[in-house]
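Contents: one structure, followed by commentary.
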Number of protein chains: 2
Amino acid sequence: MKAEIISVGTELLLGETIDTNSNFLANEFPTLGIDLLWTTQVGDNFNRLEEIIRTAIQRSDIIFMTGGLGPTEDDITRETLALALNETMIIDKDQEKKLRNFFASRDRQFPEKNIKQASIIKSAKFLDNPVGTAPGWWIKKNNFQIILMPGPPSEMKTMWFGQIKERLLNKSQDVLVKKIIKTSTLGESNINEMIESFLHGENPSVGIYVKKDGVSIRIAAKAKNQDIAYKMIKPIEMQIKDILDTYIWGEDDQKFAQVIQKVMNQHDLTLGIIESASGGNLANEITNIENSSSFFKGSLVAYQKDAKLFSGISQEILESEGTVSLKTTSELAKQAKQIFKADIGLAITGVAGIDTIENKESGTIFLSITNGEKVINKKLLLPGNRTQIKNRAVFLSFTLIKEFLDTIVIDANHDST
Amino acid sequence: MKAEIISVGTELLLGETIDTNSNFLANEFPTLGIDLLWTTQVGDNFNRLEEIIRTAIQRSDIIFMTGGLGPTEDDITRETLALALNETMIIDKDQEKKLRNFFASRDRQFPEKNIKQASIIKSAKFLDNPVGTAPGWWIKKNNFQIILMPGPPSEMKTMWFGQIKERLLNKSQDVLVKKIIKTSTLGESNINEMIESFLHGENPSVGIYVKKDGVSIRIAAKAKNQDIAYKMIKPIEMQIKDILDTYIWGEDDQKFAQVIQKVMNQHDLTLGIIESASGGNLANEITNIENSSSFFKGSLVAYQKDAKLFSGISQEILESEGTVSLKTTSELAKQAKQIFKADIGLAITGVAGIDTIENKESGTIFLSITNGEKVINKKLLLPGNRTQIKNRAVFLSFTLIKEFLDTIVIDANHDST
């Protein structure tokens, strides 16, 4: 089913709000067999909105519209739709009652301009809005459908899950199923060369893209149902996983921290961190994961010398080796293990800012990880601005933790044999 | 100047990446006198991309395109543009040298795939990419221009600030100037009531919108040049600032941490933090600010009991009061001041996860701040999921630091009189 999204609101074109609705819907569509082919953001402008609606009903089977359903003068999505479809809007009495009750139940006086939120056209049915005043419309006409939803993401999502997704599920013909393979260490073009032979298929198709969490490979297959699609994906998935092997850290919507949490929990390991250059970014990423306290003990964001000394590292080392150095970092990793009573200690020092520190240029990052026996140290030079360097340092820390866990787990297996 | 954005990438339509580039550019355009009228996301599909390009050159004076400039098979933006403009691509020898040097300088072998990133068409000039391998194009043809930029936000922004924005500045006619006033504590509807009388103007116009960093008020004026526009904005700005007064924490693109850094530096104050529920999120936000070490000493992310004990808090208090309580939090604030040798200590405890801790429900947050003399404690109950609660806790921590600084700075002024 060919689909497109039209997001209405001048605030989108002024960059004041980012169109997260489209991103949310785009994520929902594939398993419903809905092919999203276009997304358009347009302002609260009668002519341009009408023009896009007319284009959309020519090229798409189903059109999802969000925004412009408010009570104010510049909310014109309903009016424009009515005109583009050559229909007239009328006030629906039941809907008007609902509206007035909504305000009454909140001891608020009904603003008469909200009356327009009770209007509808002949080809449309209302979609209830349990968390707001603007109902949606589901239009069925000729060979197309238009689903109209409010702009506020919470209202849009409530409507989507409550009244729309279920009904589209039944309609769905061919579904698109995706398998995402997430990698670290290798660059986009390296991976392109390694899996080149898979990149020319139509169905399943294989694509490569880069995100904050590394290079991802997407295998997508279209079929009558999910099982068939998965069967089509499987052989290619296996071969690509075989090629990329240890460069793979996760798949689908997994977060790097989740993958590490899983291994840590399996082997009953805990982690303590001392981070300076990353400034709490690593701890923050880890604690975004539900139940992270199952392995994460804590992090000392040692942003200044006093804080580093508080970790128990000897003043001598700090002064002889400097606060940003491999030796200091590996000492801090030991302290991290100790002060947090953790099985594994990790430390990050470096220069995220623009100014050089102790003759180390911006982007210099030192990483060290230890379990008391094994130690791995890394020195890196990362490009980018402050936040980019911080984010990259966090990603490479996860990569290092994975590498470290792989080695000690393998050892553990050896010991047990 | 009528403008539109075309963002290219199937990952956008599959919801795998969100189009932050369009949002960034939309923010940049107004002061350049560029009217953004459409934004379109389209996949790496030859026919649909060509169709949109053909539509765009009919309706827009300037078209900004991002994405699809990578070295891989499915990066087809250049090829499609060449076709849509009836031009042929050729490999530029100088650009090829640059490319090969880029890899050589990083001791990486040149993947022959990347050669296509050296190609260009007659109507285009190259835009250098100092942080990546894909150069941009600036096309001038007939009555339109097309500016082609790489998809990765860091590369796109570097190109924008380095080679594009400046040159567009000279072209600008009528400019739109915005003044943003950022507030905390009050809700959207409160503010709506307080400044109602300003909300109906056309030019300047006043709007209210909610973001992660509180409720923002936008005053926008269109005029021949920036000075005139600012003169139109000023009187309204003054009146609104007068009404919202102490609820205002910053303006325009300021970050809350920057505002706090400024005050901290003025009064030569330093900050130490112990955070559990926010899990390093507060430290991370602070260290995203350039030169944050000028006032930020560090944070102990005390995610487990061991870590809290390491801060020096007495075991008795932890056991009698619990790890999530007002008393414990205010004790941790004192410890934060002490262990980081800071002037001000701040502590955050609470429940960000879904499970209740010590009979405290999800969303419970305790905040405490002290300079050794004064103490402010807060108990909050925040809605939302894990990351929403963490983000809200950080925002309210900044609000608390501001409130605390206001009081002690006022006292300081009193003393000095």
Side-chain angles (χ1 to χ4, degrees), chain A residues 11-18 20 23-24 26-27 30 36-43 48 178 188-189 192-193 199-200 207-211 218 279-284 287-288 290-291 293 296-304 306-307 310 339-341 353-354 383-384 386-388 390, chain B residues 10-18 20 22-24 26-27 30 36-43 48 70-74 111 113-114 131 152 154 209 218 279-284 286-288 290-291 293 296-304 306-307 310 339-341 353-354 386-387 390:
Chain A
E11 69 276 14
L12 295 168
L13 297 181
L14 287 174
E16 284 154 2
T17 54
I18 184 158
T20 55
N23 180 254
F24 166 81
N27 264 301
L36 179 62
L37 302 184
W38 302 271
T39 299
T40 309
Q41 287 87 33
V42 62
R48 286 189 289 274
K178 286 186 295 174
E188 188 180 10
S189 41
N192 188 96
E193 284 172 1
L199 296 175
H200 309 291
I208 302 174
Y209 58 95
V210 186
K211 281 177 75 173
R218 176 188 61 244
N281 195 7
L282 180 56
N284 187 41
T287 57
N288 279 342
E290 202 58 56
N291 197 28
S293 55
F296 178 61
K297 288 220 148 189
S299 175
L300 174 63
V301 183
Y303 219 60
Q304 290 192 358
D306 289 339
F310 173 64
I339 63 180
F340 291 111
K341 299 195 169 75
I354 40 182
R386 189 182 186 88
T387 45
Q388 288 163 338
K390 286 176 67 186
Chain B
T10 300
E11 68 274 17
L12 296 168
L13 296 181
L14 289 174
E16 287 154 359
T17 54
I18 186 158
T20 55
S22 296
N23 180 254
F24 167 81
N27 264 300
L36 179 63
L37 301 185
W38 301 272
T39 300
T40 308
Q41 285 88 33
V42 61
R48 287 189 288 273
T72 67
E73 319 290 320
D74 54 3
K113 282 237 142 327
N114 287 57
V131 291
S154 56
Y209 58 97
R218 175 193 69 242
N281 195 7
L282 180 55
N284 187 41
I286 291 173
T287 58
N288 280 342
E290 202 58 54
N291 196 29
S293 56
F296 178 62
K297 288 220 148 190
S299 174
L300 175 64
V301 183
Y303 219 58
Q304 290 193 356
D306 289 338
F310 173 64
I339 64 180
F340 291 110
K341 299 197 171 74
I354 41 182
R386 190 182 185 86
T387 45
K390 285 176 68 185

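The figures here come from the full heavy-atom set of this structure, side chains too, leaving out hydrogens, waters and symmetry mates.
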Quick check for you: among [options], which has the greatest number of heavy-atom pairs under 4.5 Å with chain A?
options                        : result
Ala302(B), Ser299(B), Pro30(B) : Ser299(B)
Thr20(B), Asn288(B), Ile286(B) : Asn288(B)
Thr39(B), Leu36(B), Ile354(B)  : Thr39(B)
Leu300(B), Leu14(B), Leu282(B) : Leu14(B)

Got [X] and [Y] here, is their nearest side-chain heavy-atom distance under 4.5 Å?
X         : Y         : result
Asp74(B)  : Tyr209(A) : no
Asn281(A) : Thr287(B) : no
Gln388(A) : Ser154(B) : yes

Using modelled atom types only, decide if a donor and an acceptor are shared between the side chain of [X] and the backbone of [Y] within a distance under 3.5 Å.
X         : Y         : result
Asn27(A)  : Gly15(B)  : yes
Lys390(B) : Asn284(A) : yes
Gln304(B) : Ser293(A) : yes

Checklist entry - Is it the side chain or the backbone of Asn192(A) that comes within 4.5 Å of chain B heavy atoms, both, or neither? => result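 Asn192(A) touches chain B through side-chain heavy atoms alone.
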Item to check | Engaged part of Pro383(A) at the chain B interface, taking heavy atoms whose separation is under 4.5 Å | outcome: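 Interface part for Pro383(A): neither.
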Largest heavy-atom contact set with chain B, pairs under 4.5 Å, which of [options]:
options                         : result
Ile339(A), Asn291(A), Thr387(A) : Ile339(A)
Phe310(A), Phe340(A), Phe24(A)  : Phe310(A)
Gly353(A), Ala283(A), Ala307(A) : Ala283(A)

Item to check | Nearest atoms (heavy-atom pairs only) where Leu37(B) meets Leu13(A) | outcome: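 Here Leu37(B) and Leu13(A) meet closest at O-CD1, 3.5 Å.
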Item to check | Salt bridge present between Glu290(B) and Arg386(A) (N-O < 4.0 angstrom) | outcome: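 Result for this pair is yes, salt bridge flagged.
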Item to check | Cationic N near anionic O, under 4.0 Å, Glu16(B) to Lys178(A) | outcome: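 Between Lys178(A) and Glu16(B) there is a salt bridge, with a charged N closer than 4.0 Å to a carboxylate O.
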Can you tell which part of [X] gets under 4.5 Å to a heavy atom of chain A, answering side chain, backbone, both or neither?
X         : value
Val131(B) : neither
Asn114(B) : side chain
Pro71(B)  : side chain
Ser22(B)  : neither
Leu12(B)  : backbone

Checklist entry - In Å, rounded to the nearest 0.5 Å, how long is the span from CD of Glu73(B) to CG of Leu199(A)? => result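 Interatomic distance, Glu73(B) CD to Leu199(A) CG, rounded to 0.5 Å: 5.5 Å.
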Item to check | Verdict with supporting geometry, Arg218(A) and Thr10(B), side-chain contact (heavy atoms from CB on, under 4.5 Å) | outcome: CA-CA 11 Å; Arg218(A) 176 188 61 244; Thr10(B) 300; 4.0 Å; yes
Checklist entry - Going by atom types alone, do Thr17(B) and Lys211(A) pair a side-chain donor with an acceptor below 3.5 Å? => result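 Side-chain D/A pair, Thr17(B) to Lys211(A): absent.
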Item to check | From CA spacing to verdict: side-chain contact (heavy atoms from CB on, under 4.5 Å), Trp38(B), Gln41(A) | outcome: CA-CA 6 Å; Trp38(B) 301 272; Gln41(A) 287 87 33; over 6 Å; no
